[in-house]
Amino acid sequence: MNSATQPIHVIGGGLAGSEAAWQAAQAGARVVLHEMRPVQKTDAHQTESFAELVCSNSFRSDDAEHNAVGLLHEEMRRCGSLILGMADEHKLPAGGALAVDRDGFAAAVTAALEAHPNIAIAREEIAGLPPAEWENVIVATGPLTSPALAEVIRGLTGEDSLAFFDAIAPIIHYDSIDRNIVWAQSRYDKPGPAGTGADYLNCPMDEAQYNGFVDALLAAPLHAFKDWEKVPYFDGCLPIEVMAERGRETLRFGPMKPVGLTNPRNPDVKPYAIVQLRQDNALGSLWNMVGFQTKMRYGVQTEIFRMIPGLEQAQFARLGGLHRNTYLNSPRVLGPDLKLKAMPRLRFAGQVTGVEGYVESAAMGLIAGRMAAAETRGERLSAPPVTTALGALVNHITGGHVEAEGYAGAKSFQPMNVNFGLFPGVEVKKPEGVKRWRGTEKAMAKRKAITSRALDDLKAWA
Ligand SMILES: Cc1cc2nc3c(=O)[nH]c(=O)nc-3n(C[C@H](O)[C@H](O)[C@H](O)COP(=O)(O)OP(=O)(O)OC[C@H]3O[C@@H](n4cnc5c(N)ncnc54)[C@H](O)[C@@H]3O)c2cc1C
């Protein structure tokens with residue numbers, strides 16, 4: 001059979017798989033959508049609907065001018081997204097956010113897929129390698145990919161390339177770090193294979209600051225964990241609050257150790273503890289807090305991390321978290337066309353590619369579905385430009401992330417929401433007649449410039 005007559009097989013009918021199947025079918029391709037529910041359940045899904053929202057019912061901000069996920073919404077609408085279309089039809093009042101009636105939304109997505117003439121639905125688990133005759137496959141099985149399939153994927157990608165357990169450290173926007181306090185230096189000035197000896201940003205603490213910080217960690221409320229999330233953690237990625245519980249000095253001998261570093265502004269005084277930040281993307285706009293995985297509640301994380309000298313004004317691109325998550329080390333194992341380098345007939349989409357969130361997962365489904373459909377016509381579709389939200393996400397998961405020495409593999413590449421740190425920068429000019437341009441106004445102008453450039457640049461691709 002040639003690829004034009006072959007159907008596209010989409011595995012997983014979640015946010016990504018539903019969107020991928022829809023996009024491919026709308027482009028004229030035949031699609032078989034394989035979903036294991038209700039035959040096999042997951043630990044989080046409650047229904048057999050496609051695109052079930054497992055937790056919150058929010059698609060987050062719908063502000064397409066000043067917010068990166070709002071921009072992603074708009075780009076997806078312009079690409080005829082099923083997920084955004086049905087979200088709009090089933091939206092609930094939620095201020096500036098796009099929140100949906102979860103049952104109405106999922107029922108509408110399910111009905112649309114079932115009614116599409118190009119889509120056949122198979123309620124079955126793909127419990128091993130997809131059959132060899134399936135030449136155009138999209139794997140969109142999500143953070144709770146069934147163990148049988150996960151095992152096969154792990155075999156194809158290498159032992160450490162599929163994380164089953166997600167310890168997420170927060171990520172900070174570079175612009176919000178106080179460069180008058182932090183300094184750039186690698187421990188013992190080691191350049192490593194790709195560094196300069198000044199690759200980390202260091203935030204110094206004195207004894208009183210350290211003790212105050214540990215006290216705050218010990219008092220912090222934690223996320224309530226579901227039973228199935230009570231997984232043992234590896235000693236290598238203990239949450240910081242667990243380390244603090246083990247002893248007041250544990251962090252000072254762990255991720256906050258002050259050795260091999262000298263504060264150039266105060267070289268004679270040894271900091272009592274140091275928090276290190278490591279560059280997270282090639283643009284240098286995002287920095288992660290080294291070893292700072294945590295399961296503290298989101299609100300309190302912001303408060304506590306702003307106690308760290310240099311981070312008083314920190315803006316977080318992503319906060320820390322800890323839950324089971326199956327995702328590929330995509331920068332290593334996927335090509336720019338989202339295909340598995342080790343087996344190119346498999347293309348990946350959704351949270352399993354290392355994006356985080358409903359909208360981002362659906363966005364990857366949108367791209368994978370269009371790419372797979374192009375292939376049935378003998379064409380090759382590139383990802384959208386990196387200046388768009390869709391393109392910035394693809395770029396991050398297939399190349400933008402920087403892997404740091406000693407943190408190779410999935411430990412270094414962590415799931416990411418869309419955010420402005422993933423976009424190439426823009427220059428904005430102070431409007432005529434304005435004497436003093438305040439920081440927030442400038443930031444807003446920058447955001448607007450990024451979003452309007454994105455929508456212009458998307459036109460040709462969409
Ligand atoms: C507990 C939990 C809470 C979350 N809360 C939020 C939240 O509040 N907001 C948010 O934005 N994101 C949240 N997420 C992340 C969320 O899972 C993703 O944003 C989104 O659902 C991912 O979409 P997806 O299509 O990649 O995966 P999913 O939506 O999970 O879809 C994957 C589908 O694949 C099916 N499947 C799995 N294995 C197989 C197989 N072998 N054969 C056939 N079918 C298979 C599953 O049944 C499922 O329907 C949460 C995740 C978890 C685990």
Side-chain angles (χ1 to χ4, degrees), residues 9-22 32-61 69 72-73 82-83 87 97-100 102 105-106 109-110 113 121-130 137-153 164-166 168 223-231 298 318 321-328 330 338 346 348-366 368-369 393 397 415-418:
H9 292 269
V10 178
I11 308 177
L15 276 298
S18 298
E19 186 67 52
W22 178 259
V32 184
L33 176 56
H34 306 261
E35 167 54 55
M36 69 178 185
R37 290 175 292 123
V39 186
Q40 283 292 331
K41 298 198 158 109
T42 79
D43 290 321
H45 293 82
Q46 309 282 326
T47 74
E48 56 188 73
S49 298
F50 292 113
E52 177 182 333
L53 305 180
V54 287
C55 187
S56 127
N57 68 333
S58 175
F59 284 18
R60 319 201 307 280
S61 171
V69 77
L72 187 57
H73 291 171
L82 174 68
I83 295 298
L98 175 59
V100 304
R102 66 175 73 241
F105 162 77
V109 171
T110 306
L113 293 170
I121 288 166
R123 294 280 184 173
E124 62 186 0
E125 179 188 357
I126 305 304
L129 197 59
V137 180
I138 297 175
V139 182
T141 43
L144 305 171
T145 295
S146 74
L149 182 59
E151 202 47 45
V152 165
I153 298 169
F164 288 94
F165 178 66
D166 192 3
I168 306 179
H223 271 300
F225 268 46
K226 288 194 171 179
D227 281 351
W228 61 267
E229 284 177 311
K230 285 184 187 143
V231 282
Y298 281 172
R318 197 201 52 207
L322 197 76
H323 64 78
R324 191 184 143 204
N325 194 358
T326 305
Y327 67 97
L328 296 167
S330 295
L338 301 175
L346 306 184
F348 282 76
Q351 186 129 338
V352 75
T353 64
V355 295
E356 172 88 19
Y358 301 143
V359 188
E360 289 84 345
S361 298
M364 290 302 101
L366 187 153
L393 271 176
I397 61 170
M416 179 62 86
N417 284 128
V418 68

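Computed over heavy atoms, backbone and side chain alike; hydrogens, waters and symmetry mates excluded. FYI, the numbering just counts along the sequence from 1. Atoms within each ligand, like the ligands themselves, are counted from 1 in listed order.
Numbered from 1 in the order shown, with element, the atoms of ligand 1 that lie under 4.0 Å from a heavy atom of Leu15 read 21 (O), 23 (O), 25 (O), 29 (O). Contact atoms of ligand 1 toward Leu149: 41 (N) (distance under 4.0 Å to a heavy atom of the residue). Near Ser146, meaning under 4.0 Å from one of its heavy atoms, ligand 1 places the atoms 37 (C), 38 (N), 40 (C), 41 (N). In the vicinity of Ala16, heavy-atom distances shorter than 4.0 Å reach the ligand 1 atoms 25 (O). Under a 4.0 Å criterion applied to the non-hydrogen atoms of Gly350, ligand 1 contributes the atoms 26 (O).
Among Val352, Thr141, Thr326, the residue whose heavy atom lies nearest to atom 32 (C) of ligand 1 is Thr141. The option from Val54, Val359, Leu33, Ile11 that lies nearest to atom 4 (C) of ligand 1, judged by heavy atoms, is Val54.
Cation-pi check for Arg102 over Phe59 is not met; the charged atom does not lie both under 6.0 angstrom from the ring centroid and within 45 degrees of its normal.
Of the N or O atoms in Met36, one or more lie within a sub-3.5 Å distance of an N or O in ligand 1. The distance criterion of under 3.5 Å between nitrogen or oxygen atoms is not met by Ala127 with respect to ligand 1. Between Pro143 and ligand 1, not a single N/O pair is under 3.5 Å apart. The shortest N or O to N or O distance between Glu35 and ligand 1 is under 3.5 Å. Geometrically, ligand 1 and Glu52 share no nitrogen or oxygen pair separated by less than 3.5 Å. Of the polar atoms of Leu144, none of the N or O atoms is found under 3.5 Å from an N or O of ligand 1, judged by distance alone. Between Tyr358 and ligand 1, at least one N/O pair is under 3.5 Å apart. In terms of polar-atom proximity, Arg60 is not counted as a contact of ligand 1, lacking any N or O under 3.5 Å from an N or O of the ligand.
Just one residue in the list Leu53, Val109, Val54, Val359 forms a side chain to side chain contact (heavy atoms under 4.5 Å, CB included) with Leu15, and that residue is Leu53.
In Ala140, the part holding a heavy atom less than 4.0 Å from any atom of ligand 1 is the backbone. In Thr42, the part holding a heavy atom less than 4.0 Å from any atom of ligand 1 is the side chain. With a heavy-atom cut-off of 4.0 Å, Ser361 touches ligand 1 through its side chain alone.
The structure places CG of Leu338 at 10.5 Å from CG of Leu328, a figure rounded to the nearest 0.5 Å.
In this structure, Leu393 and Met364 have side chains that are in contact, with non-hydrogen atoms separated by less than 4.5 Å.
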Practice prompt. Show the numbers, then the answer: is there a side chain to side chain contact (heavy atoms under 4.5 Å, CB included) between Arg60 and Glu360?
Written response: CA-CA 11 Å; Arg60 319 201 307 280; Glu360 289 84 345; 2.5 Å; yes
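Residue Glu124 places a heavy atom less than 4.0 Å from ligand 1.
In terms of the ring-ring contact (aromatic ring centres under 6.0 Å, His included) criterion, residue partners of His34 (sequence neighbours excluded) are, by chain and number, His9, Trp134. With sequence neighbours left out, Phe348 forms a ring-ring contact (aromatic ring centres under 6.0 Å, His included) with no residue at all.
For the pair Thr110 (side chain) and Ala106 (backbone), a donor-acceptor distance under 3.5 Å is present. With hydrogens and angles ignored, the 3.5 Å screen pairs a side-chain donor or acceptor of Glu19 with a backbone N or O of Ile83.
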